[in-house]
Trainee: 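Handing you this structure, nothing more for now.
All ligand and atom numbering here is 1-based and tracks the order in the structure. The analysis underlying the following values was restricted to heavy atoms, covering all of them including side chains, and did not include hydrogens, waters or symmetry mates.
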Amino acid sequence: MPPRWTNAAALPSAARVLLLLPPLLALASAGLSGYFGTKSRYEEVNPHLMEDPLSLGPSAAASRLPAACAPLQLRAVLRHGTRYPTTGQIRRLGQLHARLLRRPAADCPASAGLASWQMWYEESLDGRLAPQGRRDMEHLARRLAARFPALFAARRRLSLASSSKHRCLQSGAAFRRGLGPSLSLGGDEVEVEVNDSLMRFFDHCAKFVALVEENEAAMCQVNAFKEGPEMKKVLEKVASALCLPVEELNADLVQVAFLTCSYELAIKNVTSPWCLLFTEEDAKVLEYLNDLKQYWKRGYGYDINSRSSCILFQDIFQQLDKAVEESKSSKPISSPLIVQVGHAETLQPLLALMGFFKDEEPLRANNYVRQMHRKFRSGRIVPYAANLVFVLYHCDQVKTSKEEYQVQMLLNEKMLVFHHSNETISTYMDLKDYYKDILENCHFKEECELPKANITSVDEL
Ligand SMILES: *[C@@H]1O[C@H](CO)[C@@H](O)[C@H](O)[C@H]1NC(C)=O
Ligand SMILES: *[C@@H]1O[C@H](CO)[C@@H](O)[C@H](O)[C@H]1NC(C)=O
Ligand SMILES: *[C@@H]1O[C@H](CO)[C@@H](O)[C@H](O)[C@H]1NC(C)=O
Ligand SMILES: *[C@@H]1O[C@H](CO)[C@@H](O)[C@H](O)[C@H]1NC(C)=O
């Protein structure tokens with residue numbers, strides 16, 4: 001036994017815990033960070049960035065431009081970078097922390113460690129972009145520019161749009177700063193343009209708001225899981241670690257503790273004592289709780305979740321059409337670079353509309369074990385700074401013997417495999433054909449109209 005431990009044994013328990021924290025914390029951070037769901041760092045999906053935030057990584061070679069093709073247009077839909085907790089989360093954390101401070105449990109190591117933790121979050125931080133979030137965006141911009149030098153070349157026009165939320169506007173500005181003065185993007189482009197009808201379509205979709213967002217019954221699977229056996233076990237373990245009676249805790253408070261562990265890592269790059277409350281098994285349960293909510297509120301749970309995004313989907317294809325038309329008539333491409341900053345709630349419905357990450361069985365409160373290897377893991381799909389990129393190419397027909405216009409899609413800088421072909425590139429015609437029904441028959445206004453019949457049961461959704 002190292003001498004430090006022997007000495008520590010003579011100290012009061014709180015001080016002893018503090019001495020033991022560093023080695024324990026290092027372990028804790030390694031185990032949990034893959035389960036933070038929508039609060040995951042972007043580095044979780046691209047670990048090579050921990051070493052070098054500007055590296056294009058091991059997949060860069062495999063995703064080189066298709067032969068004999070030149071990129072015409074790049075459309076990127078981004079989630080904002082790392083952010084602070086929202087006011088509601090900060091308030092709940094303050095309550096939980098105050099509760100722990102009120103009962104200093106002498107023989108409760110976890111409680112003591114948390115009591116000495118400084119509650120530094122202020123309500124005014126309310127979901128704002130953290131300094132790390134600015135770096136996320138600047139680095140992403142630089143990597144995209146390095147990957148597509150022809151598109152990000154001097155004097156190309158960049159159209160930059162954003163949700164009206166402060167963190168998104170700030171992310172857009174950081175992305176632009178990341179491109180730097182050397183790129184000298186044409187001086188005529190507007191500043192970040194706010195467009196909530198595209199970036200926050202969910203707010204403008206009456207049917208979604210009434211039947212999902214504001215309908216408690218729509219979250220019945222989430223609420224059932226909170227009361228279920230897996231969560232009960234986590235609650236009991238956390239209560240025992242904190243020396244609190246289990247009745248004083250509930251799923252929401254435990255989730256706040258877990259969120260705090262994720263925020264401290266993403267914002268400050270530290271493993272906080274909150275992480276010590278959880279094992280990897282607990283983290284998997286809490287990740288599932290987060291994924292269940294995403295699934296029923298933003299994903300495949302209800303059709304309206306994804307249908308409400310068809311306004312954005314159609315806008316993407318309108319811009320692609322326009323670029324193809326301009327190319328065909330040998331005109332310069334008027335919008336070679338379109339970057340739009342929104343939310344996890346913007347990207348997840350769009351990906352569901354396109355059929356990505358769909359499991360055969362729905363995520364439910366009672367199939368946690370069967371969903372262990374699910375595709376729908378929001379931490380892998382929409383971490384901070386998540387990005388979905390459409391690249392339109394003009395290809396030399398003689399060399400490729402394929403159609404002139406081709407498309408690639410990248411999610412978080414990795415190529416997506418198209419469902420209709422199992423390939424990472426598709427002719428633009430095949431892609432449009434595959435999504436013909438959505439392009440022709442999904443109309444935001446009609447989809448989002450509240451049904452006249454009085455729907456009260458989620459079975460009718
Ligand atoms: C948002 O974008 C859509 C589609 O490009 C456009 O029709 C609309 O005018 C824009 N709204 C604002 C406020 O710029
Ligand atoms: C984050 O912390 C780890 C471990 O302490 C360190 O190796 C890494 O360089 C830090 N990363 C940043 C971006 O500061
Ligand atoms: C794609 O690959 C999967 C698994 O290899 C196969 O089941 C599926 O039928 C393929 N789809 C197409 C369109 O080729
Ligand atoms: C819908 O039905 C519920 C209960 O049946 C009733 O309370 C509510 O007022 C009705 N809403 C409308 C818009 O008719």
Side-chain angles (χ1 to χ4, degrees), residues 21-33 41-44 46-55 73 75-77 81-82 130-140 159-165 168-169 172 189-204 261-272 275 308-323 334-335 337-342 346 350 354-356 358-360 375 384-385 390 416-427 430-431 433-435 439 443-445:
L21 279 179
L24 284 178
L25 287 175
L27 279 177
S29 100
L32 308 183
S33 62
R41 301 178 298 179
Y42 189 68
E43 288 81 3
E44 297 299 328
N46 281 309
H48 63 271
L49 298 177
M50 302 226 194
E51 292 281 313
D52 175 5
L54 296 179
S55 154
Q73 183 180 65
R75 164 74 159 244
V77 185
T82 304
Q132 179 57 42
R134 288 204 293 277
R135 290 192 288 272
D136 293 341
M137 287 291 133
E138 287 175 14
H139 292 153
L140 174 63
S159 358
L160 194 52
S162 167
S163 130
S164 59
K165 287 278 171 183
C168 297
L169 290 161
E189 82 271 22
V190 288
E191 294 296 304
V192 183
E193 172 195 296
V194 172
N195 196 327
D196 279 342
S197 49
L198 286 184
M199 291 296 104
R200 295 182 62 84
F201 49 77
F202 41 91
D203 279 348
H204 299 101
C261 165
S262 73
Y263 279 122
E264 298 270 285
L265 183 65
I267 295 170
K268 294 175 50 170
N269 192 29
V270 298
T271 302
S272 88
C275 306
S308 61
S309 77
C310 63
I311 187 166
L312 176 57
F313 182 81
Q314 285 163 355
D315 186 70
I316 292 169
F317 279 80
Q318 274 159 21
Q319 291 294 336
L320 290 168
D321 276 346
K322 193 167 151 213
S334 49
S335 302
L337 283 174
I338 306 171
V339 176
Q340 298 178 313
V341 194
T346 314
L350 181 63
M354 299 185 79
F356 290 106
K358 183 171 192 177
D359 294 289
E360 274 164 32
K375 296 181 189 150
Y384 293 122
F390 295 76
L416 281 173
V417 174
F418 289 107
H419 285 161
H420 60 276
S421 62
N422 277 349
E423 288 182 32
T424 55
I425 189 154
S426 166
T427 67
D430 285 351
L431 187 66
D433 194 49
Y434 183 63
Y435 290 119
L439 287 170
H443 302 293
F444 180 82
K445 202 159 162 275

Trainee: Could you go through the side chain to side chain donor-acceptor pair (under 3.5 Å) check for D315 and Q319 one step at a time?
Mentor: CA-CA 6 Å; D315 186 70; Q319 291 294 336; 4.6 Å; no
Trainee: In ligand 3, which numbered atoms sit nearer than 4.0 Å to a non-hydrogen atom of H419?
Mentor: 13 (C)
Trainee: Between the protein and ligand 1, which nitrogen or oxygen pairs come in under 3.5 Å, and how far apart is each?
Mentor:
{"unit_1": "ligand 1", "atom_1": "2 (O)", "unit_2": "N195", "atom_2": "ND2", "d": "2.3"}
{"unit_1": "ligand 1", "atom_1": "5 (O)", "unit_2": "D315", "atom_2": "OD1", "d": "2.9"}
{"unit_1": "ligand 1", "atom_1": "11 (N)", "unit_2": "N195", "atom_2": "ND2", "d": "2.9"}
{"unit_1": "ligand 1", "atom_1": "14 (O)", "unit_2": "E193", "atom_2": "OE2", "d": "3.4"}

Trainee: What pairs with C168 under disulfide bond (SG atoms under 2.5 Å apart), at least two apart in sequence or on another chain?
Mentor: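 C168 satisfies disulfide bond (SG atoms under 2.5 Å apart) with no residue once adjacent residues are dropped.
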Trainee: I need the minimum non-hydrogen distance between L198 and T346, along with the two atoms involved.
Mentor: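 Looks like O-CG2, 4.2 Å.
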Trainee: Which atoms of ligand 3 have any heavy atom of H420 under 4.0 Å away?
Mentor: 13 (C)
Trainee: Is the ring centre of Y42 less than 6.0 Å from the ring centre of H139?
Mentor: no
Trainee: Under the salt bridge (charged side-chain N to carboxylate O under 4.0 Å, His left out) rule, collect the residues that match up with E44, sequence neighbours excluded.
Mentor: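 Result, salt bridge (charged side-chain N to carboxylate O under 4.0 Å, His left out) vs E44: R41.
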Trainee: My understanding is that only residues two or more places apart in sequence, or in another chain, count here; which of them pass salt bridge (charged side-chain N to carboxylate O under 4.0 Å, His left out) with D359?
Mentor: none
Trainee: Using atom types as modelled and distance alone, determine if a side-chain donor or acceptor of S335 lies under 3.5 Å from a backbone N or O of L337.
Mentor: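 Checking the backbone N and O of L337 against the side chain of S335, no donor-acceptor pair under 3.5 Å is found.
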